[in-house]
Amino acid sequence: FKPMRDLTYFLSDLHLGAGYIPDHRAHERRVVDFLRSIEPRAKRIYLLGDILDYWWEYRDVVPRGFVRFFGELARLADSGVEITWFKGNHDIWIFDYLPSEIGLEVHDGIMVRDIDGARFLLEHGDGVGRLPWSFRRLRGLFRCRVAQRLFAAIHPRWTVGFAHAWSSHSRKTGGYVPRQGVEESLVEYAEEYNREAVRTGAGKIDYFIFGHLHTLFEQQVSGGATVVVLGDWISRFSYAVWDGKSLKTEKYTG
């Protein structure tokens with residue numbers, strides 16, 4: 001028996017391992033249960049960033065945790081499901097371990113891809129729209145090779161605790177990006193992108209899909225495109241699914 005693989009799934013902001021999630025095992029188990037539930041029909045899975053609340057990939061040492069989650073991704077990849085993991089602002093420092101061990105694709109930044117008859121623009125959401133100067137500077141610092149080498153030289157006993165404390169503080173204070181008006185800036189970005197695409201003949205986007213904001217948002221924009229923000233897996237347990245004809249946002253209740 002071969003499963004009928006005909007659906008594409010999009011989810012983001014699982015924040016596995018976050019210090020502010022009281023039961024890490026239950027949180028991870030819920031994500032794994034969801035992945036198992038979609039396995040019979042999942043053709044592709046796009047993980048649009050902040051899947052882990054913190055991950056620093058050392059050359060010869062694997063950080064603890066996420067065993068069941070990684071194992072389920074590996075099982076799906078081995079069965080033929082295409083998995084693409086976008087770097088977010090919490091899991092920027094994924095390099096070659098997950099691609100080589102699990103068999104998934106890691107991507108940083110904007111991706112434009114044709115999926116079963118529609119054109120998608122995918123991005124975590126922290127690199128498009130109106131971004132404060134302070135956030136852009138911090139985003140650049142996190143991707144700076146020199147800064148990464150310096151951070152890697154610090155013992156994990158200091159860096160792991162620091163990273164989780166920073167994440168918890170960021171969540172309590174509302175994060176780096178102000179929520180008010182951010183969705184509207186993504187709508188403006190989508191409309192401007194498609195206007196430029198029409199002008200240059202590059203091909204219009206049908207669906208713009210983002211994470212990062214922890215809000216569940218869907219709006220049709222001028223020209224017929226749709227902007228979707230995927231929500232999160234802290235309180236909403238939301239995702240989007242594309243069947244080749246329509247894109248739907250849903251919530252996992254299992």
Side-chain angles (χ1 to χ4, degrees), residues 1-18 20-55 57 62-88 90-91 94 96-108 111 113 115-116 120 122-125 207 209-212 214 216 228-244 246-254:
F1 172 75
K2 289 186 177 181
M4 183 178 65
R5 297 268 168 83
D6 61 344
L7 300 179
T8 300
Y9 291 86
F10 308 86
L11 60 158
S12 72
D13 296 274
L14 277 60
H15 286 271
L16 290 166
Y20 48 78
I21 293 175
D23 190 336
H24 292 172
R25 180 65 58 83
H27 184 211
E28 183 180 21
R29 187 183 302 118
R30 187 167 194 174
V31 173
V32 170
D33 287 346
F34 167 74
L35 293 174
R36 289 176 178 167
S37 75
I38 69 173
E39 179 184 3
R41 296 188 64 181
K43 185 178 183 180
R44 307 176 192 86
I45 300 173
Y46 290 93
L47 305 171
L48 268 77
D50 287 0
I51 303 306
L52 309 178
D53 194 65
Y54 172 69
W55 175 267
E57 190 171 301
V62 178
R64 67 181 296 166
F66 321 116
V67 173
R68 289 165 181 80
F69 175 63
F70 288 161
E72 187 61 26
L73 289 183
R75 195 172 68 85
L76 288 169
D78 288 346
S79 71
V81 179
E82 300 172 19
I83 304 172
T84 304
W85 185 320
F86 284 71
K87 294 184 180 184
H90 282 258
D91 49 12
I94 296 172
D96 66 344
Y97 174 73
L98 296 182
S100 62
E101 293 295 325
I102 293 176
L104 52 79
E105 175 187 1
V106 172
H107 186 82
D108 190 14
M111 172 185 287
R113 182 163 286 183
I115 305 174
D116 295 335
F120 287 76
L122 310 172
E123 211 261 0
H124 174 57
Y207 296 98
I209 302 185
F210 307 106
H212 184 55
H214 292 235
L216 189 56
V228 174
V229 180
L230 292 169
D232 64 28
W233 279 67
I234 298 170
S235 59
R236 292 177 173 82
F237 311 104
S238 51
Y239 61 96
V241 57
W242 167 247
D243 64 3
S246 63
L247 183 77
K248 297 179 181 178
T249 55
E250 300 182 358
K251 293 185 178 182
Y252 180 61
T253 57

Does the pair [X]/[Y] count as a salt bridge with the N-to-O cut at 4.0 Å?
{"X": "Arg113", "Y": "Glu105", "value": "yes"}
{"X": "Glu39", "Y": "Arg36", "value": "no"}
{"X": "Lys43", "Y": "Asp6", "value": "no"}
{"X": "Arg29", "Y": "Asp23", "value": "no"}

What heavy-atom pair brings [X] and [Y] nearest, and what distance separates the two atoms?
{"X": "Ser12", "Y": "Gly231", "result": "OG-O, 3.9 Å"}
{"X": "Ile51", "Y": "Asp13", "result": "CD1-N, 4.3 Å"}
{"X": "Asp53", "Y": "Gly17", "result": "CB-C, 4.2 Å"}
{"X": "Ala18", "Y": "His24", "result": "O-NE2, 2.7 Å"}

Can you list the steps and then say if His214 with His15 is a side chain to side chain donor-acceptor pair (under 3.5 Å)? CA-CA 11 Å; His214 292 235; His15 286 271; 3.2 Å; yes
Output the distance between atom [atom1] ([X]) and atom [atom2] ([Y]), rounded to the nearest 0.5 Å.
{"X": "Ile21", "Y": "Glu28", "atom1": "CD1", "atom2": "CD", "value": "11.0 Å"}
{"X": "Phe66", "Y": "Leu14", "atom1": "CZ", "atom2": "CG", "value": "10.5 Å"}
{"X": "Ile94", "Y": "Leu52", "atom1": "CD1", "atom2": "CG", "value": "6.0 Å"}
{"X": "Arg44", "Y": "Leu76", "atom1": "CZ", "atom2": "CG", "value": "14.5 Å"}
{"X": "Ile45", "Y": "Leu35", "atom1": "CD1", "atom2": "CG", "value": "5.5 Å"}
{"X": "His107", "Y": "Glu123", "atom1": "NE2", "atom2": "CD", "value": "8.0 Å"}

Side chain to side chain contact (heavy atoms under 4.5 Å, CB included) partner of Tyr46, chosen from Ile83, Ile115, Leu230: Ile115
From the list Val228, Val241, Leu122, Thr249, side chain to side chain contact (heavy atoms under 4.5 Å, CB included) partner of Phe10 resolves to Leu122
Are any of the side-chain heavy atoms of Ile209 and Leu247 separated by less than 4.5 Å? yes
Beyond-backbone contact of Ile38 with Tyr239, side-chain heavy atoms, under 4.5 angstrom: no
With a 6.0 Å cut-off on ring centres, are [X] and [Y] close enough?
{"X": "Phe70", "Y": "Trp55", "answer": "yes"}
{"X": "Tyr9", "Y": "Trp242", "answer": "no"}
{"X": "Phe237", "Y": "Phe34", "answer": "no"}

Within 6.0 Å of CZ in Arg75, more than 12 heavy atoms from elsewhere: yes
Under the side chain to side chain contact (heavy atoms under 4.5 Å, CB included) rule, what do Phe86 and Leu47 come out as? Steps first, then yes or no, please. CA-CA 6 Å; Phe86 284 71; Leu47 305 171; over 6 Å; no
